[in-house]
Each structure stands twice: as structure tokens, then as C-alpha cells.
Peer 1: 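First the structure, then my questions, so here it is.
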There are 2 protein chains.
Amino acid sequence: MNAQSATRKTFRREGEDKRREDLIAATLECVAERGLAGATVREIAQRADVTAGLIRYYFPTKDDLIGAAYRAVMNRMTVQASDALQNAADDPRSRLQAFVTANLGAPIMDPHNLSLWAGFIALVHADPAMATAHRDGYLGFRDELEILIREALRAAGKPAERIHTRRHAIAINAIIDGLWLEGCLAGDIFEDGELAETGVAAIEAVLGISLQAEGGAQ
Amino acid sequence: MNAQSATRKTFRREGEDKRREDLIAATLECVAERGLAGATVREIAQRADVTAGLIRYYFPTKDDLIGAAYRAVMNRMTVQASDALQNAADDPRSRLQAFVTANLGAPIMDPHNLSLWAGFIALVHADPAMATAHRDGYLGFRDELEILIREALRAAGKPAERIHTRRHAIAINAIIDGLWLEGCLAGDIFEDGELAETGVAAIEAVLGISLQAEGGAQ
DNA sequence: AGAGTATTTATACGCTTGCATAATTAGAGC
DNA sequence: GCTCTAATTATGCAAGCGTATAAATACTCT
């Protein structure tokens, strides 16, 4: 059987979508374990149980794969946050609280996510296409947040004009980002749920309302 | 003159400190221009007008140089923020405001700084030495902030016990970080000084005091 | 001025990287 | 079951990387 030479690797032909997903997943594993520098074409291929050449068949260049992986992560985080909203109560204040809490806990607040995100941000500066991709993501997030804020303010009987909600969205977005960052970088020096609590409290202070539907000031 | 062969590069012997600084500066230029990946030993050496081998004479390994560069950036930003405090008024509330404003304006809030910072953060996950280096920097910043907060609260006649100031420091640190991030990434979509104003307002809300010395509630 | 040394240059090595390309093969369609 | 094609493997290349090391040289000290 093995008389002659090393036998050629057997393989299955997968659907295009499945392969792309697998390759992206493998990329994320590599980045998670050894950082962006550890995500080499060969390492990714091995992780996906595929030979290196195949990567180029689906992604013209390595940067394309990395870019796809970045978008996948950002999208995943967005979806996870939105899921939390689906399961939240009806009251807009509860919904805002749920959104914040979701963003400041597992699995969104995770060192791996930060690694990937930071690696990308570092590239943004050199690559304009990546820059606009990121900006769109940021503005999308902020817009979603602004809607939640407006509805929470209305539910509390507070004025919610655009001029105010914009500023509030900027500030609250900063609070979420900043705490997310702290938690990803050094989650172990905070108690469980401390960052989420801190975030909710800070946001309540900024908006001047309670996010507990029960105790909400009229 | 040039008959025989390429003449050997002439050089000057610089002091150890000067050389280290030059090499770090060259490293930062490289990172700023083409990202961490662009900061190769050869590129750095060329930028410092030195041959590559010399780098190893001062830094045993490239990672050591990168680490030193990271600490230099963080230190530079810290110093710039502290400078703003030197020139601030005596009132603790004014000092806190000056600190925040300094961190949310030029030259600290700069895309280059973000590029550098993000590139290093991406490494933190894989490199434990870098991780502790970063944690120390973060805690140092937060401690400085906590002192400013405590004094501002006292000046406003508010309780300033450790339990509260810790939480406040975490939240306000997040506000500063988050706004700094937004400004670095997309400074052009904000008006001049908008982020600093937003930050100060949010912090006032969180602390429940005014940072304007004049209008401060007793 | 001459000797000694720390600093700097120069060169090369081994490795890894991304990318290209030719050879193979699994699976769909007739 | 045969054929045809698209998916996959295998192999190789040129470039760039960090690092090691030996030779050269600028400066210090006497």
C-alpha cells in the first residue's frame, strides 16, 4: 500500500460557503492563540485541515482573508448584542440596560476579540478601504445606540431631541467602548459583573434617568 | 578615490542614551507610517541612519526594542497630560477638567498614537511581558485619575470614600479612553472641542458636580 | 602620539513568509 | 460508467525576516 511514496492527501470538495466559513474560523483561532502575527497562511491552512494553496483559491490575497475575518468578528459581536435585545423586556429602559450589559460581558467582552480588533485598527491607518469599513461599523453601532437612548428617554418622560441624543450617543458609546476595553485587557482585576454595573450606573447618570423600569422617575 | 570598492560607512559614536532614544524614535516612525509589520529591523536601522546590526547591540532582541518603544509612547502621553495639570488652576475641579481636556485634544488624541497603541495592544495577548507592561501603565493612569477625582469631589463638598472613587475612576477612565478612541479614529466627524466638551459633561454627570470652579455647588 | 576598547559596520546564514503554478482528484452531469 | 470541470494538493521560488559574528573604526586615556 504505502510501498511507493507518501500518499496524496485525500480530501472532500466542500461547498464554497462552507469552505470560506471554515477558513475564516481557522483564521480567528490562529489570531486568538498567537495574535495576528501567528495567523500565517500555512498555520491557518493546517488548522482548517487543508493545504495552503487552497486559501488563495478562495481569497486572492491573505489580506482579503484577514479582512473577511475582521468583518466576521465585528458582525458576530453585533449579532450577539442584538440577540440580547430580542430576549429583553419591552420597556425601552430595560432594553438599553440589556444592550449595555450584553456588550460588557461574555462572549463579547473577550481578550480574543480585542486582539483581533486591535490588530485591525493598527492596519486601518495604512489601508483606506479598511478605514471606511471600520467607520461604517462604528457609525452603525452608534446609530443603534442612539435609537435605544431616544426611546429610553421618552419612556422616562425626558426630552429626546436629536441634538441631545447625538451627544448622549457619543458619550455612552465611549463608556461602552472604554469599559469593554478595560475588561478585555484586564478582566481579572474586576469582580464579576462589575464593569456592566459600572457602565449602567454611569449611563444612568449621563441620561439622568434610571434604567430599572420599576423605579424609573416619571 | 572610489576606484577600488564601496567605501565603508563613516559613523559617529553616540552616547548610549542618545542612541537608544534615536532607535526608539525611528521605531515609532516606522510603526506610525506602515504599522507594526512595517517596523522591521532593517527599516528601523535605515531610518535611524545606522546599520541593522547596531540594533542588536542596544536591544538583545527586536521584541525588546518594540517593548521599549511602547513604553516610550505611553510615557509620552502620560507626560503630556501631566503637563496640562502643571499649567492648570489650583481648584481641583479645574484640574480634573484640564486633565480630561488635555487627553481629548491634540497632541494626545492623534491617529498616530492610536496606531501605535493598537499595534502594541494586539501583541499584549501573546506576550506576557507586554501584558504586565500595559497593565502597569493602565493602573498608573487610573490611579492618577482617582486622585484628581477624590480632590474634585472634596472641593465640591461631596463624599469621596475609596469605594466610590474606585468605581468613578473606572467609569471616567472608560469615558476618556472611549472618546479618545473615537477622536483618533474619526476625528473629522466631530466639531472642534466637541469630544472634550462631551467628556467633561459626562464626567460631571457621573460625579454629580460641576467642574467649573465658579459655578461649583458648595 | 600611541594603544586599547567600546561602538559600529559588514556580511552571511537559516528560516519563514506569501504567492505562483503544475499535477491530481472528487464529484456532478449526461 | 464516462467525461468533464472545478476544487484541491503538491512543489517550488524569490523575498524578507531576525539574528549571529567577524572585521573595522572612532574615540578615550595615558
Side-chain angles (χ1 to χ4, degrees), chain A residues 1-2 4-27 30-31 33-69 119 123 126-127, chain B residues 2 4-27 30-31 33-69 119 122-123 126-127 129-130:
Chain A
M1 306 303 183
N2 55 4
Q4 175 80 358
S5 67
T7 55
R8 204 180 169 91
K9 180 178 190 285
T10 81
F11 61 91
R12 285 186 51 209
R13 302 181 132 185
E14 297 283 0
E16 172 167 344
D17 291 347
K18 174 75 161 57
R19 268 285 188 257
R20 292 187 107 89
E21 285 172 20
D22 284 354
L23 289 175
I24 288 175
T27 304
C30 289
V31 174
E33 281 190 19
R34 313 203 289 111
L36 249 192
T40 70
V41 171
R42 285 166 176 82
E43 183 76 22
I44 293 169
Q46 184 176 350
R47 183 93 46 163
D49 194 31
V50 140
T51 55
L54 188 61
I55 290 183
R56 219 176 76 84
Y57 185 77
Y58 287 101
F59 299 93
T61 176
K62 187 196 169 188
D63 285 345
D64 291 305
L65 171 56
I66 300 289
L123 296 184
D127 183 350
Chain B
N2 55 3
Q4 176 81 0
S5 68
T7 55
R8 203 179 169 91
K9 180 178 190 284
T10 79
F11 61 91
R12 285 186 51 208
R13 301 181 130 184
E14 296 283 359
E16 171 167 345
D17 291 346
K18 174 75 161 56
R19 267 285 189 256
R20 293 187 105 91
E21 285 171 20
D22 284 353
L23 288 176
I24 288 175
T27 304
C30 289
V31 176
E33 279 190 22
R34 312 204 290 110
L36 248 192
T40 70
V41 171
R42 286 167 176 82
E43 183 76 22
I44 293 169
Q46 184 175 351
R47 183 93 48 162
D49 194 31
V50 141
T51 55
L54 188 61
I55 290 183
R56 221 176 76 83
Y57 186 78
Y58 287 101
F59 300 93
T61 176
K62 188 198 169 187
D63 285 345
D64 291 306
L65 170 57
I66 299 290
L123 296 184
D127 183 350
M130 199 74 82

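In the text below, chain A, chain B and the rest are named by the order of the sequence lines, each starting its count at 1.
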Peer 1: Output the distance between atom CG (B:Leu65) and atom CZ (B:Phe59), rounded to the nearest 0.5 Å.
Peer 2: 5.0 Å
Peer 1: Indicate whether OP1 or OP2 belonging to C:dA10 is found under 4.0 Å from a side-chain N or O atom of B:Thr51.
Peer 2: no
Peer 1: Whole Å only: how far is the CZ atom of A:Phe59 from the P atom of C:dG18?
Peer 2: 15 Å
Peer 1: For a quick test of reading the model: is some side-chain N or O of B:Thr40 closer than 4.0 Å to OP1 or OP2 of D:dC17?
Peer 2: yes
Peer 1: Would you kindly give the CD-to-C1' distance between B:Glu16 and C:dT5, to the nearest whole Å?
Peer 2: 15 Å
Peer 1: Select one nucleotide: of C:dT7, C:dT9, D:dT9, the one nearest the side-chain heavy atoms of B:Val50.
Peer 2: C:dT9
Peer 1: With the threshold set at 4.0 Å, does a side-chain nitrogen-carboxylate oxygen contact exist between A:Arg19 and A:Glu21?
Peer 2: no
Peer 1: To the nearest 0.5 Å, what is the distance between CG (A:Leu36) and OG1 (A:Thr27)?
Peer 2: 10.0 Å
Peer 1: Atom CD1 of A:Ile55 and atom P of D:dA10: how far apart are they, to the nearest Å?
Peer 2: 15 Å
Peer 1: Name the closest nucleotide to the B:Phe11 side chain, picking from C:dG18, D:dT25, D:dG18.
Peer 2: D:dT25
Peer 1: Starting from the 5' end of DNA chain C, give me the residue, A:Arg12 or B:Ala52, whose nearest nucleotide shows up first.
Peer 2: B:Ala52
Peer 1: Counting heavy atoms not belonging to B:Asp49, are there more than 12 under 6.0 Å from its CG?
Peer 2: no
Peer 1: Can a salt bridge be assigned to the pair B:Arg47 and B:Glu33 using a cut-off of 4.0 Å between side-chain N and carboxylate O?
Peer 2: yes
Peer 1: Using a cut-off of less than 4.0 Å, is there contact between a side-chain N or O of B:Tyr58 and OP1 or OP2 of C:dT8?
Peer 2: yes
Peer 1: Output the rounded distance in Å from CZ (A:Arg56) to C1' (D:dT11).
Peer 2: 14 Å
Peer 1: Can you tell me how far C1' of D:dT9 sits from CD of A:Glu14, to the nearest Å?
Peer 2: 15 Å
Peer 1: Near DNA chain D, which residues from residues 17-25 of chain A have a heavy atom under 4.0 Å away?
Peer 2: A:Arg19
Peer 1: Can you see if the side chain of B:Thr61 gets near the phosphate of D:dT19 - specifically, an N or O under 4.0 Å from OP1 or OP2?
Peer 2: yes
Peer 1: Round to the nearest Å and state the distance from A:Leu54 atom CG to C:dT21 atom P.
Peer 2: 17 Å
Peer 1: For a quick test of reading the model, state the closest non-hydrogen atom pair linking A:Thr40 to A:Lys62 and the distance between them.
Peer 2: CA-NZ, 4.3 Å
Peer 1: Classify the side chain of B:Arg8 versus the base of C:dT9 as yes if they form a donor-acceptor pair under 3.5 Å and no if they do not.
Peer 2: yes
Peer 1: For B:Lys9 and C:dT7, give me the distance from atom NZ to atom P, rounded to whole Å.
Peer 2: 16 Å
Peer 1: Take atom OH of B:Tyr57 and atom C1' of D:dT21, then tell me their distance rounded to the nearest Å.
Peer 2: 14 Å
Peer 1: Could you check whether the side chain of B:Arg42 and the base of D:dG18 have a donor-acceptor pair of N or O atoms closer than 3.5 Å, going by distance alone?
Peer 2: yes
Peer 1: Verify, without hydrogens or angle tests, whether A:Lys9 (side chain) and A:Thr51 (backbone) share a donor-acceptor contact under 3.5 angstrom.
Peer 2: no
